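Just below is one structure, and these are the notes that go with it.
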Amino acid sequence: MGKKSLDRKSARKFIFENRNEGKSDQEIYNELTQLYYDKKSLALLITGTPTAEDKAEYSLYNNILLSFLAATILLKVFFVFNLSIQEGQAWALFLIFIVPLLNVYFIYEIARYNAPAYRFCGILTLLSFSQSFKNSQDAFDIIISIVLCGAISGLSFYLDNKLFPKYKPNKLEKDSNGDYLFF
């Protein structure tokens, strides 16, 4: 049987099953390289997959992060609805479906424990905070923005560090044969 293109779903399932059997990430990587071509994608998939223990330990924090993201969706929908009523423009209600799309994407990816989504969520939250801080004139809006953005970005970076400590896409270590090393 020859090598094939990476099937992320089955490879991730293989990683979970073999970790539960007590195999090391290096052993899992060595077995997966016999099946799939792309070694870097395999290394990123292994380092970007949390262990069952880490998922159980940090699931509360992950659920809190998901709740904060859901709260921002509700606030965005409320803001667009309020704005469309104030302006008297019914077409603006269409924006209710567009404005929260990025937050829906983050909820989906974070619920699946997708490693890159945590860092990306934290960075975009900080950027959106600076933008909303410039545009806010009400102290209440500023306080809500500080609390939500601080909680979302803080939890995103915290969980990224705790769930995926070896996930460093630009700093993966290789041996002399070009295979990736997991310590």
Side-chain angles (χ1 to χ4, degrees), residues 1-73 100-130 148-183:
M1 186 169 125
K3 291 184 179 184
K4 55 187 176 185
S5 296
L6 180 62
D7 178 10
R8 291 187 180 279
K9 186 176 181 179
S10 62
R12 199 168 175 152
K13 182 180 176 186
F14 183 85
I15 292 167
F16 280 123
E17 289 171 355
N18 283 284
R19 279 185 177 164
N20 288 338
E21 292 175 7
K23 290 187 180 179
S24 70
D25 286 347
Q26 191 67 50
E27 292 171 323
I28 295 169
Y29 172 78
N30 292 338
E31 288 183 35
L32 285 173
T33 56
Q34 302 301 314
L35 300 172
Y36 300 111
Y37 289 116
D38 193 2
K39 292 180 180 183
K40 184 171 185 175
S41 293
L42 286 172
L44 290 174
L45 189 63
I46 290 170
T47 59
T49 303
T51 63
E53 297 83 23
D54 286 343
K55 279 176 85 169
E57 183 177 348
Y58 296 104
S59 67
L60 175 65
Y61 296 114
N62 203 56
N63 290 335
I64 292 170
L65 175 60
L66 292 170
S67 300
F68 281 137
L69 287 169
T72 60
I73 290 174
L101 278 180
L102 193 58
N103 291 59
V104 171
Y105 166 76
F106 283 135
I107 286 175
Y108 175 73
E109 292 297 329
I110 288 172
R112 292 180 48 222
Y113 290 91
N114 188 358
Y118 287 87
R119 203 170 293 164
F120 189 50
C121 178
I123 291 169
L124 282 184
T125 301
L126 290 175
L127 292 174
S128 70
F129 170 71
S130 65
L148 277 177
C149 291
I152 291 171
S153 60
L155 278 171
S156 294
F157 291 128
Y158 175 76
L159 288 171
D160 178 47
N161 188 37
K162 293 298 183 180
L163 290 171
F164 316 104
K166 297 177 186 174
Y167 186 77
K168 295 171 179 57
N170 298 326
K171 297 179 182 178
L172 293 172
E173 293 188 38
K174 291 184 181 181
D175 64 7
S176 60
N177 296 329
D179 289 326
Y180 291 94
L181 300 172
F182 303 90
F183 299 107

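No hydrogens, no waters, no symmetry mates; every other heavy atom, side chains included, goes into these values. Numbers here are sequence positions counted from 1. None of the values given here were measured: they were computed from a predicted structure.
Nearest approach of Phe106 to Leu69, heavy atoms of both residues: CB-CD1, 4.0 Å. Annotation for Phe16 and Lys55: closest pair CZ-NZ, 4.0 Å, computed over non-hydrogen atoms. Nearest heavy-atom pair across Tyr113 and Pro50 is CB-CG, 3.9 Å. Pairing each heavy atom of Ala115 with each of Asp160, the nearest pair is O-OD1, 3.9 Å. Contact between Ser10 and Asp7 at its shortest, heavy atoms only, is OG-OD2, 2.8 Å. Shown here for Cys121 and Ile152, the closest heavy-atom pair between the two residues is SG-CG2, 3.9 Å.
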Worked check of side-chain contact (heavy atoms from CB on, under 4.5 Å) between Glu31 and Leu35: CA-CA 7 Å; Glu31 288 183 35; Leu35 300 172; over 6 Å; no

Criterion side-chain contact (heavy atoms from CB on, under 4.5 Å) on Leu42 and Asp38, from CA distance to verdict: CA-CA 6 Å; Leu42 286 172; Asp38 193 2; 5.8 Å; no

Candidate pair Tyr108 and Val104, rule side-chain contact (heavy atoms from CB on, under 4.5 Å), full reasoning: CA-CA 6 Å; Tyr108 175 73; Val104 171; 5.6 Å; no

Residues Leu6, Tyr37; criterion side-chain contact (heavy atoms from CB on, under 4.5 Å); working and verdict: CA-CA 7 Å; Leu6 180 62; Tyr37 289 116; over 6 Å; no

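Ile107 has its side chain within reach of Ile73: a pair of non-hydrogen atoms, C-beta onward, lies under 4.5 Å apart. In this structure the side chain of Glu27 never reaches within 4.5 angstrom of the side chain of Asn18, judged on heavy atoms. Here the side chains of Phe157 and Leu126 are in contact, with some heavy-atom distance below 4.5 Å.
Distance check: Asn161 CG to Ser156 OG gives 12.5 Å after rounding to the nearest 0.5 Å. Tyr180 OH to Ser41 OG: the interatomic distance, rounded to the nearest 0.5 Å, is 8.5 Å. The OG1 atom of Thr49 lies 4.5 Å from the CZ atom of Arg12; values are rounded to the nearest 0.5 Å. Note: Ile64 CD1 to Tyr58 OH = 13.5 Å, rounded to the nearest 0.5 Å. Note that NZ of Lys166 is 11.0 Å distant from CG of Leu181, once rounded to the nearest 0.5 Å. Annotation: the span from Ser153 atom OG to Leu124 atom CG amounts to 11.5 Å, rounded to 0.5 Å.
Heavy atoms of other residues, nucleotides or ligands lying less than 6.0 angstrom from NZ of Lys168 number more than 12.
Looking at Lys39 and Asp179, a side-chain N of the basic residue comes within less than 4.0 Å of a carboxylate O on the acidic one, giving a salt bridge. Taking 4.0 Å as the cut-off between side-chain N and carboxylate O, Lys162 and Glu57 do not count as a salt-bridged pair.
Relative ring orientation between Phe164 and Tyr118 is described as tilted, the plane-to-plane angle lying within the 30° to 60° band.
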